[in-house]
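Each remark here refers to the structure printed beneath this line.
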Amino acid sequence: MSFMDEIRKIPPVTRFLCASSLAVTVPVLLQVLPVYKVVFMKEYVTRRFEVWRVFTSFFLGSSGINFIFDLAMLYRNSNELESTHYPHRSADYAWQLFLSGLAILGLNIPLGTYVHTRALLLALTYVSSRLAPPGSQTSFFGLITFPIVYLPYMLVGLDLLMGGPGAAAISVSGAVVGHLWWWGVFDTGAFRGVGTAPAWVRSFFGETGGGTGGVGGIANVGGGVHVVPPRRLREEAAAGTGLRGHNWGSGRRLAD
């Protein structure tokens, strides 16, 4: 099986997000592309019509090893959402990502934010953590274990410690958008109509309909974070799929 076959296994929207992150970040890290050409500047967008800055500002990753963690978190969270909660509905996922991006942009313009990558990651992390099985635990680099629903707040706290109030404010904006996404689409359904992709988006993805689905299990959401559902849910999932295995009895010692 070729490398391209493995790439094609990745859901389309997740594949696009990761490819965009690489396409924007790697040239900047290699100093082939000046960083000021890809960051968001409102005046340059509205007066000089450099509209690409809106797009590239969501995919400029960190430098060094942090970029690897950011890319892994982007892939794991997006792949989990698209594969589990949007099966055969990539158009809806892409449309809701687009609306979330507009919301992030609207919240960050007053903050004067140049890069929106972290806010996007927080939004995806918030949604995926709220959709995890009830009672799921997460381990942060194997150091501490806590409920997965608290993961976005821990990331905001880390940004506060490492980047100060400005960095934390950007992360909070992503968490707010993520909460609205989860609340409006999955919890109450208040935004489900708005979140349904228009016909032209569905046509682009070659979709005529879709459904929801989910599979319980252990998931790696990136950045050294592993999500493990409670034992009861894992046992129920195993029972539903017939994977409990054979009961071999208590056994006897060779001398008996």
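Leu111 and Phe40 sit in two unconnected hydrophobic clusters of ILVMFWY residues. Membership requires side-chain heavy atoms under 4.5 Å apart, directly or through other members. Two different hydrophobic clusters hold Leu120 and Ile170 under the rule that ILVMFWY side chains link at heavy-atom gaps under 4.5 Å. If you chain together hydrophobic residues whose side chains sit under 4.5 Å apart, Phe58 and Trp52 never meet in one group. The hydrophobic cluster containing Leu122 also contains Phe146, counting ILVMFWY residues as joined when their side-chain heavy atoms lie under 4.5 angstrom apart, directly or transitively. Grouping the Ile, Leu, Val, Met, Phe, Trp and Tyr side chains by contacts below 4.5 angstrom, directly or via other members, places Trp200 with Leu102.
By the 4.5 Å heavy-atom criterion applied to side chains, Asp70 and Arg118 are counted as neighbours. Taking the side chain as every heavy atom from C-beta outward, Met41 and Ser57 never approach each other to under 4.5 Å. Looking at heavy atoms from C-beta onward, Phe67 lies in side-chain contact with Leu29 at the 4.5 angstrom threshold. Put simply, the side chain of Leu30 reaches to within 4.5 Å of the side chain of Val26, judged on heavy atoms. Residues Thr138 and Thr145 fail the side-chain proximity criterion, which asks for heavy atoms closer than 4.5 Å. Residues Phe49 and Tyr44 have side chains not in contact (no heavy-atom distance under 4.5 Å, counting atoms from C-beta outward).
A distance-only check finds no donor-acceptor pair linking the side chain of Asn66 to the backbone of Ser62 [under 3.5 Å]. Although no hydrogens or angles enter the test, the distance criterion places no donor-acceptor pair under 3.5 Å between the side chain of Glu80 and the main chain of Ser128. Using a distance-only test at 3.5 Å, with no hydrogens or angles considered, no donor-acceptor pair links the side chain of Ser129 to the main chain of Val149. The main-chain N or O of Val45 is never found under 3.5 Å from a side-chain atom of Glu50 such that the two would form a donor-acceptor pair. For the pair Arg89 (side chain) and His85 (backbone), a donor-acceptor distance under 3.5 Å is present. In this structure a side-chain-to-backbone donor-acceptor pair under 3.5 Å is present from Thr188 to Ala190. The backbone N or O of Arg202 lies less than 3.5 Å from no partner atom in the side chain of Glu207, so there is not a single donor-acceptor pair. Checked by atom type and distance alone, the side chain of Thr117 pairs as donor or acceptor with a backbone atom of Leu60 at under 3.5 Å. Remark: side-chain polar atoms of Arg192 are paired, donor with acceptor, to backbone N or O of Val185 under 3.5 angstrom. A donor-acceptor pair under 3.5 Å is absent between the side-chain atoms of Thr25 and the main chain of Leu22, judged by distance alone.
Taken to the nearest 0.5 Å, the CG atom of Leu131 stands 9.5 Å off from the OG1 atom of Thr84. One finds the CD1 atom of Ile104 at 8.5 Å from the NE2 atom of His116 (value rounded to the nearest 0.5 Å). Taking CG from Leu74 and SG from Cys18, the interatomic distance works out to 4.5 Å, rounded to the nearest 0.5 Å. Rounding to the nearest 0.5 Å places CG of Asn77 at 6.0 Å from CG of Leu124. Summarising the geometry, atom CG belonging to Leu97 is positioned 8.5 Å from atom CG belonging to Leu81; distances are rounded to the nearest 0.5 Å. Atom OG of Ser136 and atom CZ of Arg130 lie 12.0 Å apart (nearest 0.5 Å).
Looking at Tyr93 and Ser78, their side chains do bring a donor and an acceptor atom within 3.5 Å of each other.
Less than 6.0 angstrom separates the ring centroid of Phe98 from the ring centroid of Trp95. For Trp183 and Phe191, the ring centers sit closer than 6.0 Å to each other.
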Candidate pair Ser171 and Asp159, rule side chain to side chain donor-acceptor pair (under 3.5 Å), full reasoning: CA-CA 7 Å; Ser171 297; Asp159 288 339; 2.3 Å; yes
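In this structure, Phe16 and Phe55 have tilted ring planes: the angle between them lies in the 30° to 60° band.
Of all heavy-atom pairs spanning Val13 and Ala94, the tightest one is CG2-CB, 3.8 Å.
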